[in-house]
Structures are given as structure tokens and as C-alpha cells.
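Okay, structure first, notes after.
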Amino acid sequence: RTFVAYMQDYDLPPLVVDTFDLVKLAADPTYKYVDLAVQAFNRRKDKTIYRALLDAANYKTAENSAFSTATIPTAQKIATGATAFTKAKAIYAASLFRLNEADRMSGEELFIAYDDNIVRAILSDTTLTSADYMATKMLENGEVAKNWLGFTWIPYNALDDGAGGTTESRTVAWAKSAIHFGTGIDIKTDVSENKTKRGNPTEVYAYASIGAVRVDEYKVVQIDYLNA
């Protein structure tokens, strides 16, 4: 199968530093604006990857064939089961990667996205051992916890609702080779004067072109859970 990643073009409206305001400020905010623009595009990258992991992926089986779509199989989905996120759900997800020979034993790197609900649920899970607790304390601080239950834990606070609506959320676990990420134009920033406006204000502009596609639905596990 040959999968297709559609590149999407993004840009930010120029952030304006007014010349007349600048002299009244204690510090020039221009390069702070550049940092904010880069952060915004990094969040866009996160969203692009998250969407590609969960959404249907277009592919062809021959050059002249029509496009087909690949979705995540039911067997790769962990239902809410009227519970919050638990260690047991993460263990079950890990077992699915072993079943599909897509775990570290097969040379893969495994990742899982987490939000504040998962942090609260995990830290209140009574089945955690002392070793588990030390590993998950990093999640509480918004850090990346590596190699807990075989996953690298990635903070992401824009998860979809689960199948049950707004009382649930949907995270995803994946093997590194499950997704292809493409960069047509990496994040570009431009700081320049706009000489067509009063006072020649400085404008900060940013743009990028990126895309992603899931290339193996058996290397992805969808996990729904009740919000803690």
C-alpha cells in the first residue's frame, strides 16, 4: 500500500510592534513575538500528528487504482469501560503492540499522549507501585516520562472527546514507524518594517507547510477514558 500525506499550508497574521508604542515600553517585545509564533507552529505540528494517528488514511494499491481508506481496527481500540485512565489500560495497550510485533522487542519506539485528566487518574491509581509513582511524578510536572510501561509519555492537552461525548477523552499510543511526517516548508519567521503604514511598524510573520499520515493501523492503539 502507498499512503498519501496531504501537505497543509499555515501562516499567522502579522504580529505588529507599533513604533509609537515601542518607545514607551521597558523592553522590545519583537523577539518574544517570534518565540510565540514558533510555539504556535509547534502546537500545530502536534495537532497534525495527533489527527493523522486517529483519522482515516488514504492509500493506493496500484498506480492507477482508486484511493481506499484505512481506519483503526476495532481490536486496536480500548473502550472507556466506565473508567478513568488506568495503569491497566496502558498495560493492555502495550500488550497489543507485542501481539502485533510492534514493541521494543521488535526495535520500535512506543509513545503515548497524555493530558491533565490522565495525570490525575494515574496519580490516584491505587495499583501503582513505588517505582511507578516515581516515574509518573514527572507527568505531574508536565515533563516527559520515558520508559514507564514501555512508553515515552508526551504531553498534549487538545485530545478529542471519547465515544461517550464531553465526559470522556481519547488518547492514542503509537509506534514511531506508524506515522510519516512531512515538512514542505519548515517554520519560517520574518521580522521587517511595514513602510506602507504610519510609523513604519515592525511586523512578525510566520509560516510553514506540513503534513502527516498513518501508514500502519496495527501500530496504533486508540484509548478512551472517563475524565478524572
Side-chain angles (χ1 to χ4, degrees), residues 1-19 21-22 27-72 102 108-115 142-144 146 151-160 170-197 199-217 219-220 222:
R1 296 183 298 177
T2 300
F3 286 85
V4 178
Y6 297 100
M7 307 302 292
Q8 298 290 326
D9 303 329
Y10 302 102
D11 66 345
L12 291 176
L15 301 171
V16 179
V17 181
D18 188 90
T19 305
D21 289 340
L22 185 59
D28 186 344
T30 302
Y31 292 98
K32 179 64 175 177
Y33 285 176
V34 172
D35 290 342
L36 292 172
V38 171
Q39 291 170 24
F41 275 106
N42 283 333
R43 289 192 295 273
R44 171 54 65 177
K45 284 184 178 181
D46 291 343
K47 183 176 182 179
T48 298
I49 292 170
Y50 178 76
R51 289 263 54 88
L53 287 167
L54 291 175
D55 292 347
N58 292 326
Y59 70 91
K60 286 187 173 185
T61 55
E63 183 177 353
N64 296 321
S65 66
F67 279 110
S68 300
T69 56
T71 58
I72 299 175
E108 288 282 5
E109 294 179 62
L110 300 181
F111 303 87
I112 189 168
Y114 74 92
D115 66 355
E143 301 172 15
V144 174
K146 295 185 178 181
F151 296 101
T152 295
W153 294 70
I154 307 296
Y156 182 66
N157 272 357
L159 300 176
D160 287 352
R170 173 168 294 164
T171 190
V172 62
W174 70 98
K176 186 174 183 179
S177 66
I179 188 168
H180 286 181
F181 181 84
T183 303
I185 301 174
D186 206 353
I187 301 170
K188 300 288 185 183
T189 58
D190 176 74
V191 179
S192 58
E193 290 185 350
N194 186 339
K195 296 185 181 299
T196 67
K197 293 185 177 180
N200 298 341
T202 299
E203 293 185 346
V204 178
Y205 178 64
Y207 59 97
S209 182
I210 56 177
V213 64
R214 187 186 61 246
V215 296
D216 192 335
E217 59 271 25
K219 293 183 178 181
V220 173
Q222 174 185 299

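Everything numeric in this text was worked out from a predicted model, so none of it was measured.
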Which heavy-atom pair separates [X] from [Y] by the least distance, and what is that distance?
{"X": "Ser177", "Y": "Lys219", "value": "OG-NZ, 2.9 Å"}
{"X": "Arg214", "Y": "Ala56", "value": "NH2-CA, 4.2 Å"}
{"X": "Ala113", "Y": "Tyr156", "value": "CB-CB, 4.2 Å"}
{"X": "Val215", "Y": "Arg1", "value": "O-NH2, 4.1 Å"}
{"X": "Ala5", "Y": "Gly211", "value": "CB-C, 4.5 Å"}
{"X": "Ala175", "Y": "Ala102", "value": "CB-O, 3.9 Å"}

For the [atom1] atom of [X] and the [atom2] atom of [Y], what is their distance to the nearest 0.5 Å?
{"X": "Leu53", "Y": "Ile179", "atom1": "CG", "atom2": "CD1", "value": "4.0 Å"}
{"X": "Thr61", "Y": "Phe67", "atom1": "OG1", "atom2": "CZ", "value": "11.0 Å"}
{"X": "Asn58", "Y": "Thr2", "atom1": "CG", "atom2": "OG1", "value": "12.5 Å"}
{"X": "Glu203", "Y": "Asp18", "atom1": "CD", "atom2": "CG", "value": "10.5 Å"}
{"X": "Tyr10", "Y": "Thr48", "atom1": "OH", "atom2": "OG1", "value": "4.5 Å"}
{"X": "Glu193", "Y": "Thr202", "atom1": "CD", "atom2": "OG1", "value": "5.5 Å"}

ring-ring contact (aromatic ring centres under 6.0 Å, His included) against [X], all qualifying residues, sequence neighbours excluded:
{"X": "Phe41", "result": "none"}
{"X": "Tyr31", "result": "none"}
{"X": "Phe181", "result": "none"}

Can you check whether [X] reaches [Y] side chain to side chain, under 4.5 Å on heavy atoms?
{"X": "Asn42", "Y": "Asp46", "answer": "no"}
{"X": "Tyr50", "Y": "Val172", "answer": "yes"}
{"X": "Lys176", "Y": "Phe111", "answer": "yes"}
{"X": "Lys60", "Y": "Val4", "answer": "no"}
{"X": "Arg170", "Y": "Leu159", "answer": "no"}

Does one side chain, of Asp9 or Tyr207, offer a donor that lies under 3.5 Å from an acceptor on the other?
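No - no donor-acceptor pair under 3.5 Å links their side chains.
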Under 3.5 Å, is there a donor on one side chain and an acceptor on the other for Glu217 and Thr71?
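Judged by distance alone, the side chains do not pair up.
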Might you work through the side-chain contact (heavy atoms from CB on, under 4.5 Å) test for Thr171 and Tyr114, ending with a clear yes or no?
CA-CA 7 Å; Thr171 190; Tyr114 74 92; 5.7 Å; no
Run the side chain to side chain contact (heavy atoms under 4.5 Å, CB included) test against Asn64 and tell me which residues pass, sequence neighbours left out.
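Counting only residues at least two positions away or on another chain, Asn64 forms no side chain to side chain contact (heavy atoms under 4.5 Å, CB included).
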Please say which of Val16, Leu15, Leu12 ends up in a side chain to side chain contact (heavy atoms under 4.5 Å, CB included) with Tyr33.
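Per the side chain to side chain contact (heavy atoms under 4.5 Å, CB included) rule, the option paired with Tyr33 is Leu15, out of Val16, Leu15, Leu12.
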Side-chain donor-acceptor contacts of residues 183-191 below 3.5 Å, not counting sequence neighbours, with atom names and distances?
| from | atom 1 | to | atom 2 | distance (Å) |
| --- | --- | --- | --- | --- |
| Asp186 | OD1 | Lys45 | NZ | 3.4 |
| Asp190 | OD2 | Ser192 | OG | 3.0 |

According to side chain to side chain donor-acceptor pair (under 3.5 Å), who are the partners of Asp160, at least two apart in sequence or on a separate chain?
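Only Arg51 meet the side chain to side chain donor-acceptor pair (under 3.5 Å) criterion with Asp160.
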